[in-house]
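Lettering of chains follows the sequences in order, A, B, ..., and the numbering in each one begins at 1.
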Number of protein chains: 2
Amino acid sequence: MVGIVDVAKKANVSTATVSRVLTKPETVRGTTMEKVLKAIEALNYQPNLLARQLRRLETKTILVVVPDITNPFFSKVLRGIEAVAVAKGYQVLLGDTGNDVEREKGYLNILQQKKADGMVLLTARMDAAAVEEVARSFPVVLACEYIEGSRIPTVSIDNISGARKATEYLIDLGHERIGCITGPLDIVLSRDRLKGFYQAMARKNLIVDPVLVQEGDFSFDSGFNLMMKFFALGQLPTAIFAASDDMAMGVIKAIKSKGLKVPEDISVLGFDNLKFSSIFEPGLTTIAQPAFEIGENAMELLMKLINKEEVKREQIILADQLVVRESVRTI
Amino acid sequence: MVGIVDVAKKANVSTATVSRVLTKPETVRGTTMEKVLKAIEALNYQPNLLARQLRRLETKTILVVVPDITNPFFSKVLRGIEAVAVAKGYQVLLGDTGNDVEREKGYLNILQQKKADGMVLLTARMDAAAVEEVARSFPVVLACEYIEGSRIPTVSIDNISGARKATEYLIDLGHERIGCITGPLDIVLSRDRLKGFYQAMARKNLIVDPVLVQEGDFSFDSGFNLMMKFFALGQLPTAIFAASDDMAMGVIKAIKSKGLKVPEDISVLGFDNLKFSSIFEPGLTTIAQPAFEIGENAMELLMKLINKEEVKREQIILADQLVVRESVRTI
DNA sequence: GACAATTTTGTAATCGATTACAATCCAAGT
DNA sequence: ACTTGGATTGTAATCGATTACAAAATTGTC
């Protein structure tokens with residue numbers, strides 16, 4: 001492999017000069033510049049970034065930890081992150097945890113081992129203390145998720161108000177017996193959506209039937225199964241708020257499988273606004289999260305941390321939006 | 001930051017010994033081992049991987065170049081890659097090209113700059129020569145895509161026979177006037193699927209109406225638009241073979257929008273078998289690609305190249321499968 | 001206890017760039 | 001021609017680990 005010394009030799013200059021041509025061209029004379037460039041060209045020299053990084057103590061790489069890259073919501077956030085990263089000359093190291101807390105923890109080491117300059121976490125199921133610890137010494141930002149009582153910079157929507165808005169929409173259309181299928185309750189974000197649901201019900205003085213609140217795991221299957229459970233229990237609500245579009249679709253499938261119709265018999269409202277939610281029939285009424293923008297903002301925030309710029313707001317809350325389609329109707 | 005010298009000092013040994021504790025524990029005596037481990041523990045030392053990598057000239061990182069991470073098919077392949085990579089102690093650097101050939105090319109440098117030990121390409125739209133060039137000096141494997149006349153190791157399905165199988169299925173059900181909506185024809189894989197379509201038609205002595213062969217771009221929208229074009233032209237086939245499930249769904253949406261039904265009025269057959277294709281209504285009849293396995297195999301192949309093991313078969317063809325659901329019926 | 005064989009440890013070179021500092025060059029001013 | 005100061009260039013230290021080789025310590029044998 002050709003190294004900087006080969007180029008230096010060929011161009012009859014020192015390695016320092018070659019290095020300067022590459023990194024501070026304004027400090028070398030035009031004629032030597034040409035000589036060096038010619039040598040680089042001739043040898044097809046590419047600097048070894050490992051060496052540069054070791055010397056500069058920076059990798060121009062950031063780590064993104066995702067619970068499941070297969071989930072279109074996360075992949076869209078990831079794309080937002082990537083877009084900004086590339087624009088700023090950074091590369092993205094991918095850490096898919098497969099929803100496994102242990103693997104999630106493992107990725108924390110990558111920062112300490114200096115393989116990345118910073119990290120964006122799209123999941124934070126591990127113990128808060130460990131994350132805090134790492135965040136004290138390295139740039140870390142949370143996207144989507146947040147950690148209660150922590151000052152780690154975060155980008156997300158307001159899940160409580162989003163869920164509240166969704167539930168109020170159902171109530172305003174006349175629904176009173178409303179079911180809620182939540183995400184895994186060990187995740188703050190799931191608890192927030194549930195909280196928003198309760199808040200809306202309480203504000204309108206409606207009673208929540210505990211049977212109608214069930215814990216899912218955001219997946220289509222869990223939505224399907226929990227709806228089937230409602231059928232089995234003989235406890236049918238007039239509307240259901242599902243904490244993810246995937247689950248909402250599962251719920252609708254279950255309803256259809258029983259020969260009932262959405263929204264005629266039961267209304268269903270989702271959360272996320274996946275691309276597929278508009279293709280699905282009936283079109284899902286849902287709370288839209290600006291996934292791409294969440295990614296962009298998270299990466300921009302991370303850049304500021306890396307560059308030690310002042311960060312005014314540590315918690316960025318982006319706007320969510322109720323998207324009305326056909327899966328909900330007035331009672 | 002604490003380095004190996006700090007540990008060495010604290011444990012009263014040389015840096016060499018500390019290094020050995022970390023990498024060849026069997027060569028150090030039990031008692032010193034303990035001393036060193038204690039020091040490591042006390043200082044919370046994590047070795048700087050950059051330094052190790054520079055010395056060893058390996059990064060334990062592989063680059064995956066994807067046209068669009070948001071596409072669930074690719075993200076599933078990526079997951080397969082990641083699963084094997086993690087199991088073998090490798091990390092994944094993500095290169096999303098956003099379908100941009102220039103960015104695709106740019107990622108080739110990462111290998112030469114030694115930021116990765118090898119590369120899996122899920123897209124190969126750039127000029128073959130450039131890829132070949134890189135593949136001569138570095139481990140590269142293609143997944144899904146392949147390059148004509150190249151000996152770069154590849155993992156994929158047989159797109160020609162898959163498409164042929166799909167088309168023959170339609171023909172066997174009595175369809176004769178069959179439309180084909182292809183992927184972008186600058187991609188080999190799209191041309192192969194089209195080729196398979198033609199082969200099936202020819203084998204059964206059916207005439208292909210050129211109007212019914214249209215070039216899409218794999219997206220839902222292009223499927224929708226091209227089907228609308230068929231309507232506008234007043235040229236309706238009895239069945240359509242779409243080269244991706246996304247397009248198939250677009251086609252079906254378009255048909256429904258005209259008040260017709262699938263499969264009663266027109267049959268539609270897709271390609272890929274996305275998770276969503278079974279949720280969609282009608283359930284998509286389609287050719288299933290083993291996305292996860294493609295990823296796994298590609299990564300395993302890459303590992304062999306990296307370890308300079310003998311590679312018997314350079315071209316791995318995995319089995320595709322016709323999945324029959326409800327979007328196709330006999331005429 | 002002496003000596004050889006074997007283990008264990010240390011010294012210093014090395015990976016391939018960057019960069020502080022020193023040395024040299026060059027042009028302008030007198 | 002002779003300074004002088006800024007622009008260029010070179011020398012060598014440096015980033016933080018690994019590892020070849022040498023040295024020291026240990027073990028076993030007679």
Side-chain angles (χ1 to χ4, degrees), chain A residues 1-40 43-61 89 109-117 137, chain B residues 1-40 43-61 89 109-117 137:
Chain A
M1 196 77 286
V2 6
I4 200 171
V5 295
D6 304 300
V7 177
K9 209 166 291 175
K10 175 136 193 150
N12 241 315
V13 295
S14 71
T15 61
T17 301
V18 176
S19 176
R20 279 189 280 255
V21 167
L22 260 20
T23 57
K24 295 194 221 92
E26 69 280 8
T27 68
V28 342
R29 204 210 314 257
T31 57
T32 37
M33 177 106 177
E34 270 178 47
K35 273 196 306 186
V36 173
L37 286 178
K38 205 167 292 174
I40 287 177
L43 298 173
N44 187 26
Y45 166 71
Q46 293 268 115
N48 180 322
L49 290 191
L50 285 183
R52 170 182 301 173
Q53 289 165 6
L54 173 59
R55 180 61 225 243
R56 294 224 179 121
L57 299 179
E58 66 171 18
T59 61
K60 289 284 179 186
T61 300
N109 285 333
I110 289 189
L111 278 186
Q112 310 187 287
Q113 294 170 156
K114 299 291 176 346
K115 273 206 80 162
D117 297 340
S137 339
Chain B
M1 195 81 284
V2 7
I4 200 171
V5 293
D6 303 302
V7 177
K9 209 164 293 172
K10 175 140 195 145
N12 241 317
V13 296
S14 72
T15 62
T17 301
V18 176
S19 176
R20 278 187 282 254
V21 167
L22 259 21
T23 57
K24 293 191 224 95
E26 68 280 7
T27 68
V28 340
R29 200 211 316 257
T31 58
T32 38
M33 176 105 176
E34 270 176 47
K35 274 196 305 183
V36 174
L37 287 178
K38 206 166 295 173
I40 288 177
L43 298 173
N44 188 26
Y45 166 72
Q46 293 269 117
N48 181 321
L49 290 190
L50 284 182
R52 170 182 301 175
Q53 290 164 6
L54 173 58
R55 180 63 225 247
R56 295 221 178 125
L57 298 179
E58 64 171 19
T59 62
K60 289 286 181 183
T61 300
N109 286 331
I110 289 190
L111 278 186
Q112 309 187 289
Q113 295 171 155
K114 298 292 178 346
K115 273 207 80 163
D117 298 340
S137 336

Please check: side-chain N/O of Lys115(B) versus main-chain N/O of Thr59(B), any donor-acceptor pairing under 3.5 Å? no
5' precedence on DNA chain C between Ala51(B) and Ala16(B) (nearest-nucleotide basis): Ala16(B)
Drop me the distance from Leu54(A)'s CG to Arg55(B)'s CZ, to the nearest 0.5 angstrom. 12.5 Å
Hey, what do you get for CD (Glu26(B)) to NZ (Lys24(B)), rounding to the nearest 0.5 Å? 8.0 Å
Which nucleotide in the list dT19(C), dA17(C), dT19(D) gets nearest to the side chain of Lys24(A)? dT19(C)
Checking dT8(C), dG16(D), dT19(C) against the side chain of Thr32(B) (C-beta onward), the nearest is dT8(C)
Between CD of Gln53(A) and P of dA17(D) the distance, given in whole Å, is 15 Å
Just wondering, are more than 12 heavy atoms of other shown residues or ligands nearer than 6.0 Å to NZ in Lys35(A)? yes
side-chain contact (heavy atoms from CB on, under 4.5 Å) between Asn44(B) and Gln112(A), worked out: CA-CA 10 Å; Asn44(B) 188 26; Gln112(A) 310 187 287; 4.3 Å; yes
Does Arg29(A) or Asn12(B) map to a spot on DNA chain C nearer the 5' end, using the closest nucleotide for each? Asn12(B)
Please work out if Leu57(B) contacts a base, only the sugar-phosphate, or nothing of the nucleic acid, heavy-atom cut-off 4.0 Å. sugar-phosphate
To the nearest Å, give me how far apart NZ (Lys35(A)) and C1' (dG10(D)) are. 12 Å
Length of the line joining Leu50(B):CG and dA17(D):P, which is rounded to integer Å: 10 Å
Nearest to the side chain of Leu54(A), which nucleotide is it out of dG16(C), dA17(D), dT9(C)? dG16(C)
Taking any heavy-atom pair under 4.0 Å as a contact, classify Thr17(B): base, sugar-phosphate, or nothing. sugar-phosphate
Arg56(A) side-chain proximity, nearest of dT19(C), dG16(D), dT18(D): dT19(C)
Gap between atoms CD1 and C1', on Ile4(B) and dC15(D) respectively (whole Å): 13 Å
Arg52(A) side chain near dT18(C) phosphate (N/O to OP1/OP2, under 4.0 Å): yes
What about Arg55(A), does its side chain sit under 3.5 Å from the base of dG16(D) through a donor-acceptor pair? no
What is the separation between atom CG on Leu49(B) and atom P on dC15(D), rounded to the nearest whole Å? 18 Å
Shortest side-chain distance from Thr15(A), nucleotide among dT19(D), dT18(C), dG10(D): dT18(C)
Calculate the interatomic distance between Glu58(A) atom CD and dT19(C) atom P; express it in whole Å. 9 Å
Could you tell me how far apart Met33(A) (CE) and dT9(D) (P) are, to the nearest whole angstrom? 11 Å
Would you indicate which nucleotide in dT18(D), dA17(C), dT18(C) comes nearest to any side-chain atom of Thr23(A)? dT18(C)
For a quick check of understanding: with a heavy-atom distance under 4.0 Å over all strands, which category does Val13(A) fall into, base, sugar-phosphate or nothing? sugar-phosphate
Check for a donor-acceptor pair, side chain of Thr23(B) on one end and backbone N or O of Ser19(B) on the other, with a separation under 3.5 Å. yes
If you assign each of Tyr45(B) and Arg20(B) to its closest nucleotide in DNA chain D, which residue comes earlier from the 5' end? Tyr45(B)
Rounded to whole angstroms, how far apart are CG on Asp6(A) and P on dA17(C)? 9 Å
